[in-house]
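Taking it in order: structure first as structure tokens, then the write-up.
Given the structure is predicted, the values throughout are model-derived calculations rather than measurements.
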Amino acid sequence: MHSLLISQVGYHKKANKRAFLRSADAPSKKAIDFSVFNASSEKCVYSGTFAYWGEKWGSYWWEAEFSEVSDDGSYYLKTDVTDASNIFTISNDVFISSSGGIEDRIDLAGIAMDQLDARLKKTSDEDALPIEGYDGEYIPGWRDCGTEIRELSSHIITLHGLLDMYESSKIYGKLSESQREQLLRQIKWGAEYIMFSQEHSEDPLYNGRFNHDSGMQTDYGTTGYHNWHGTAYAITALVRTNLLFCDNSSSKLSKLASLCLESAKLGYENAVFRPYNLASDFQGRTDHNGNILFDDDMTDFVNELARVVYDKPDSWCIPTSLKTKDKITFLWACTLLYKATKEDKYRDMAIE
């Protein structure tokens with residue numbers, strides 16, 4: 001018994017196009033042929049043979065390659081051992097919006113936003129602990145797919161993606177009115193979480209830096225960790241939000257824009273005051289004043305983990321100096337701040 005897997009989203013015209021055949025039975029020596037048909041004309045446009053791939057997850061797999069098929073249209077795939085596949089689309093904008101058949105409308109932007117809404121958790125959840133000073137309707141941040149982790153970097157990436165969607169006429173123009181409202185709500189949510197992650201202290205070493213995970217209410221995750229790059233990266237998303245909404249007619253969005261810029265400026269001051277990683281960044285979880293929250297010093301563990309991740313020798317330790325990645329991210333942050341404020345200090349720092 002074989003089953004056929006094709007991309008439910010469709011295939012970009014210039015991308016590699018593959019389908020997979022799966023079976024619970026060990027492969028025979030017989031070659032398995034396939035054909036690609038144009039769904040409108042019912043004509044075969046390409047034929048080939050599945051190549052045996054191997055065994056994985058208790059099943060045997062074969063792979064079909066049909067990248068030569070690149071004309072816009074709807075297609076389906078046939079084999080001798082399965083029914084015809086569902087209809088799939090080949091087009092340049094397939095990852096924005098595509099049809100998987102007459103009644104099967106696939107909208108990746110809508111799916112993405114629905115997934116984000118599903119990752120919000122109300123404060124009434126039994127696993128939630130109260131957060132001092134926070135009275136919001138939801139637990140801050142989007143929940144990880146399998147845990148309660150709400151990492152700062154993931155939220156920054158997500159906010160950049162949402163801002164890209166808002167700025168893209170090709171994507172934004174395809175959204176319904178309710179989806180546009182959903183997009184604005186999620187941009188606001190992402191920016192608010194990043195600002196919620198910012199720490200405040202009387203000590204300039206820590207004042208304005210960002211917590212790697214502010215999911216303190218779950219008593220779970222990577223909360224209490226910090227790194228310099230997180231602060232630089234947070235600035236980029238906050239200033240982009242400001243630039244998008246600073247002149248918006250909505251008072252809520254213009255207020256959000258103002259708050260984002262103030263938060264970004266404070267992050268900038270922290271990054272400039274201590275342009276290096278602190279020893280406490282490697283020692284483990286620390287509070288907003290840099291005090292270690294647990295008795296165990298995690299420096300050795302953090303360095304050992306980094307050696308595995310970056311394939312470094314046993315003698316290597318994470319440097320306190322900034323890496324190229326840190327500086328490039330901060331360069332982006334400075335240019336955005338200059339664009340938003342026209343203040344020379346941000347331009348000069350970018351040049352430096």
Side-chain angles (χ1 to χ4, degrees), residues 119 121 127-129 131-134 139-160 190-201 203-238 263-264 266-271 273-310 312 316-323 325-327 329-330 333:
R119 289 170 187 249
K121 299 188 75 175
D127 65 348
L129 304 174
I131 303 177
E132 183 179 351
Y134 181 75
I139 293 174
W142 290 297
R143 181 179 180 273
D144 180 75
C145 61
T147 70
E148 292 299 328
I149 291 174
R150 291 164 172 81
E151 292 185 282
L152 175 70
S153 51
S154 302
H155 284 71
I156 296 170
I157 293 169
T158 301
L159 181 55
H160 276 305
E192 286 179 343
Y193 177 77
I194 295 172
M195 289 188 286
F196 176 73
S197 301
Q198 191 168 40
E199 296 185 345
H200 301 276
S201 172
D203 189 332
L205 279 175
Y206 312 106
N207 188 40
R209 71 175 182 175
F210 290 81
N211 194 331
H212 183 66
D213 181 345
S214 290
M216 291 88 74
Q217 72 291 339
T218 62
D219 198 27
Y220 178 92
T222 53
T223 182
Y225 291 105
H226 309 84
N227 62 68
W228 192 92
H229 182 265
T231 296
Y233 199 21
I235 295 170
T236 64
L238 292 175
S263 177
L266 182 60
Y268 170 88
E269 295 301 328
N270 176 262
F273 184 82
R274 34 80 45 121
Y276 48 84
N277 294 301
L278 303 172
S280 59
D281 294 338
F282 309 135
Q283 289 170 348
R285 303 185 185 194
T286 57
D287 66 13
H288 64 285
N289 290 314
N291 299 312
I292 299 176
L293 295 174
F294 300 96
D295 293 335
D296 295 336
D297 187 332
M298 302 293 289
T299 305
D300 289 342
F301 171 78
V302 170
N303 281 306
E304 181 180 354
L305 181 63
R307 291 180 198 119
V308 174
V309 172
Y310 299 113
K312 295 293 186 178
W316 184 85
C317 292
I318 304 173
T320 57
S321 59
L322 301 182
K323 299 182 285 292
K325 177 185 75 172
D326 303 324
K327 294 180 180 180
T329 302
F330 192 56

Evaluate side chain to side chain contact (heavy atoms under 4.5 Å, CB included) for Thr158 paired with Tyr193, printing each intermediate quantity in order.
-> CA-CA 11 Å; Thr158 301; Tyr193 177 77; over 6 Å; no
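- Listed here is the closest heavy atom pair of Ile194 and Ala234: CG2-CB, 3.8 Å.
- Between the side chain of Gln198 and the backbone N or O of Gly208, at least one donor-acceptor pair lies under 3.5 Å.
- Side-chain contact check for Lys325 versus Tyr233: every heavy-atom pair is 4.5 Å or farther apart.
- Taking all atoms of both residues into account, the shortest heavy-atom contact from Ala333 to Ala232 is CB-O, 3.8 Å.
- The local environment of OH in Tyr276 is crowded, with over 12 non-hydrogen atoms from other residues, nucleotides or ligands closer than 6.0 Å.
- With Asn289 contributing its side chain and Asn291 its backbone, the two residues share no donor-acceptor pair below 3.5 Å.
- Atoms CZ and CZ, from Arg143 and Arg119 in turn, are 8.5 Å apart once rounded to the nearest 0.5 Å.
- When all heavy atoms of Ile235 and Tyr268 are compared, the pair lying nearest together is CD1-N, 3.5 Å.
- Ring geometry for Phe330 against Trp228 counts as perpendicular: the plane angle is over 60°, on a 0 to 90° scale with 30° as the lower cut.
- Between Arg285 and Ile292, every side-chain heavy-atom pair lies at or beyond the 4.5 Å cut-off.
- Taken from OG1 in Thr286 to OH in Tyr225, the straight-line distance is 10.0 Å, to the nearest 0.5 Å.
- Ring orientation note: the planes of Trp142 and His155 are close to parallel, at an angle under 30° on the 30°/60° scale.
- Looking at every heavy atom in both residues, Asp287 comes nearest to His226 through O-CE1, 4.4 Å.
- The shortest side-chain heavy-atom distance between Phe210 and Ile156 does not fall under the 4.5 Å cut-off.
- Side chain of Asn270 to main chain of Gly267: no donor-acceptor pair is present (N/O by atom type, distance under 3.5 Å, no hydrogens or angles).
- Annotation: side chain of Ile318 is not in contact with side chain of Tyr310 (no heavy-atom distance under 4.5 Å).
- His288 meets the side chain to side chain contact (heavy atoms under 4.5 Å, CB included) test with Glu199, Ser201; sequence neighbours excluded.
- Lys323 NZ to Asn227 CG: the interatomic distance, rounded to the nearest 0.5 Å, is 7.5 Å.
- Taking 4.5 Å as the limit, some side-chain heavy atom of His200 sits within range of a side-chain heavy atom of Leu266.
- Atom CH2 of Trp316 is separated from atom CD of Glu304 by 12.5 Å, given to the nearest 0.5 angstrom.
- In this structure, CD in Gln283 is found 4.5 Å from OG1 in Thr299, a value given to the nearest 0.5 Å.
- Closest heavy-atom contact between Leu278 and Arg274: CG-NH2, 3.4 Å.
- By the 4.5 Å heavy-atom criterion applied to side chains, Ser197 and His212 are not counted as neighbours.
- Judged purely by atom type and a 3.5 angstrom limit, Asn303 has no side-chain atom pairing as donor or acceptor with the backbone of Asp300.
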Hey, mind stepping through Ser280 and Tyr206 against side chain to side chain contact (heavy atoms under 4.5 Å, CB included) and telling me if it holds?
-> CA-CA 11 Å; Ser280 59; Tyr206 312 106; 4.2 Å; yes
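- Here Glu151 contributes atom CD and Ile157 contributes atom CD1; the two are 9.5 Å apart, rounded to the nearest 0.5 Å.
- Closest heavy-atom contact between Thr236 and Thr329: CG2-O, 3.9 Å.
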